There are 2 protein chains.
Amino acid sequence: MLSNSAKYALKAVLYLSLNSNEEEKLMTKDISDKIKVPKSYLAKLLQDLSRHGIISSTKGPKGGFYLTNNDKKLSLIEIIEVIDGRQRLNSCVLDLEACNDKNPCVLHDIVGRANSEFVKSLQKTTIEDLIADIKKGKSVFPFE
Amino acid sequence: MLSNSAKYALKAVLYLSLNSNEEEKLMTKDISDKIKVPKSYLAKLLQDLSRHGIISSTKGPKGGFYLTNNDKKLSLIEIIEVIDGRQRLNSCVLDLEACNDKNPCVLHDIVGRANSEFVKSLQKTTIEDLIADIKKGKSVFPFE
DNA sequence: TCTTAAATATGATTTAAATCATGTTTTTGG
DNA sequence: CCAAAAACATGATTTAAATCATATTTAAGA
Ligand code: FES
Ligand code: FES
């Protein structure tokens, strides 16, 4: 479903969304310590996200990663696609090449359906939405 | 979600369910050719399934793998759990250890829900059910 | 301007999943 | 009883994902 990397990326962005802004930036180490992800592995992911405009960063002393208000409007799928690519989430559960919505494979009904719902949710949910849920006490994010 | 191995196993069992019975057994090669899975890799999977009583087999000339009517009553989750174990399908999407239904993580609502549906479907769907769908023309199974 | 702290870029290593290979046991048929 | 055909068992190799390491660039602040 999601690669390990994508999970790490989601966690990191979530952590950033709750603990950073234009004035208060976070270093890789701050984040990796909290979410318990290997530092240099996370560094790569953050750089990847930054390069693709998902998160913001500045170099040098007092630099770090952060989310602008605009960044927070991005949907979760955009984070995932930078890391995992587009194919991974949209392929048939059995990896049958001849299968799609028009020609549904034998698992499509019971499984593909759940998967489509999943993808749709990722598309329409933004970082902001998640923050709102947490602030409302609707859900939690225990970092690790 | 599902490992490659689990997908292969599902395909193989599905193929067996459509093309074998107590009288007509299939060799590893017959199956691997059709579903395009490396022969000796599939051999391991089939032996694993056989050892766990998911499929049936007999050794020696004229031997091979097959499904009994009883085998066809097993649910899909049983196949998957033999190959992937129990944990893989039931863990939090972000692999957060402190998360569960009582303490839902920030993605649980939008993602975990789809996942639970998925698992429930796998539990209640049997091989037989899938065969029925195919025979009814409701779905297809193009093998590869 | 110089030192230092940060991201950035790139490549090497490790690990686990996937794949390959080969020998052993069982059963059938002659 | 023997030879061949099949599953069974086990271990080696390959590959891709995950992890580690190190050198380069940029910006801040003294
Ligand atoms: S066509 Fe296979 S899961 Fe949709
Ligand atoms: S608690 Fe994280 S997905 Fe359910």
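Just so it is clear: chains get the letters A, B, ... in the order the sequence lines come, proteins before strands, and each one is counted from 1. Quantities reported herein were computed from a predicted structural model and do not represent experimental measurements.
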- Could I get the full list of side-chain contact (heavy atoms from CB on, under 4.5 Å) partners for A:K39, not counting sequence neighbours?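 Expected list: A:T28, A:K29, A:S32.
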- Task: Going by the ring pair (Phe, Tyr, Trp, His ring centres under 6.0 Å) test, name the single residue among A:F143, A:Y15, A:Y41 that passes it with A:Y8.
- Result: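 Going through A:F143, A:Y15, A:Y41 one by one, the ring pair (Phe, Tyr, Trp, His ring centres under 6.0 Å) with A:Y8 is satisfied by A:Y41 alone.
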- Given atom CG of A:L26 and atom C1' of C:dA7, what is their separation to the nearest angstrom?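 Those two atoms, CG and C1', are 14 Å apart.
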- In whole angstrom, give the distance that lies between atom NZ of B:K25 and atom P of C:dT27.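 My rounded result for the distance is 11 Å.
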- Message: Against A:S20, only a single residue in A:T68, A:I31, A:L26 fulfils side chain to side chain contact (heavy atoms under 4.5 Å, CB included); can you say which?
- Response: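 Considering A:T68, A:I31, A:L26, a side chain to side chain contact (heavy atoms under 4.5 Å, CB included) with A:S20 is found only for A:L26.
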- Verify the cluster assignment for B:V93 and A:V140: are they in a single hydrophobic cluster under the rule of side-chain heavy atoms below 4.5 Å apart?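 No; A:V140 is not reachable from B:V93 via cluster members.
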- Message: Please determine whether residues A:L42 and A:I79 belong to a single hydrophobic cluster, defined as Ile, Leu, Val, Met, Phe, Trp and Tyr linked transitively by side-chain heavy-atom distances below 4.5 Å.
- Response: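 As far as the 4.5 Å side-chain criterion goes, A:I79 and A:L42 are connected within one cluster.
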- Query: OP1, OP2 of C:dA7 versus side-chain N and O of A:T28: anything below 4.0 Å?
  - Reply: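 For C:dA7, OP1 or OP2 has a side-chain N or O of A:T28 closer than 4.0 Å.
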So, the side chain of [X] versus the backbone of [Y]: is there a donor-acceptor pair under 3.5 Å, distance only?
{"X": "A:S50", "Y": "A:L46", "result": "no"}
{"X": "A:D30", "Y": "A:M27", "result": "yes"}
{"X": "A:K11", "Y": "B:L94", "result": "yes"}

- Task: By nearest nucleotide on DNA chain D, pick out whichever of A:K62 and B:K29 is the more 5' one.
- Result: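 This one resolves to B:K29.
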- Message: Under a plain distance cut-off of 3.5 Å, with no hydrogens placed, do A:T126 and A:S75 share a side-chain donor-acceptor pair?
- Response: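 A:T126 and A:S75 do not have a side-chain donor-acceptor pair below 3.5 Å.
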- Nucleic acid contacts - residues 5-14 of chain A versus DNA chain D, non-hydrogen atoms under 4.0 Å: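 DNA chain D contact set from residues 5-14 of chain A: A:S5, A:Y8.
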- Please list, by residue number, the residues of residues 34-52 of chain B whose heavy atoms come closer than 4.0 Å to an atom of DNA chain D; answer none if no residue qualifies.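 Under 4.0 Å from DNA chain D: B:K44, B:Q47, B:S50, B:R51.
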- Task: Shoot me the first and last contacting nucleotide of DNA chain D against chain B, ordered 5' to 3', at under 4.0 angstrom to non-hydrogen atoms.
- Result: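 In short, chain B contacts DNA chain D from D:dA4 to D:dA12.
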- Message: With side-chain hydrogen bond (donor to acceptor under 3.5 Å, both in side chains) as the rule and sequence neighbours excluded, what pairs involving residues 130-144 of chain B come up?
- Response: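 Applying side-chain hydrogen bond (donor to acceptor under 3.5 Å, both in side chains) to every pair that reaches into residues 130-144 of chain B, excluding sequence neighbours, yields B:K36-B:E144.
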- Query: Which pairs, with at least one residue in residues 79-88 of chain A and sequence neighbours excluded, count as a side-chain hydrogen bond (donor to acceptor under 3.5 Å, both in side chains)?
  - Reply: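 Output for this query lists A:S3-A:D84, A:E81-A:R86.
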- Message: Taking the nucleotide of DNA chain C with the nearest heavy atom to each, does A:K59 or B:T58 sit closer to the 5' end?
- Response: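 Looking at DNA chain C, the more 5' nearest nucleotide goes with A:K59.
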- Task: Assign A:I55 to base, sugar-phosphate, or nothing according to its heavy-atom contacts below 4.0 angstrom with the strands shown.
- Result: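 No contact.
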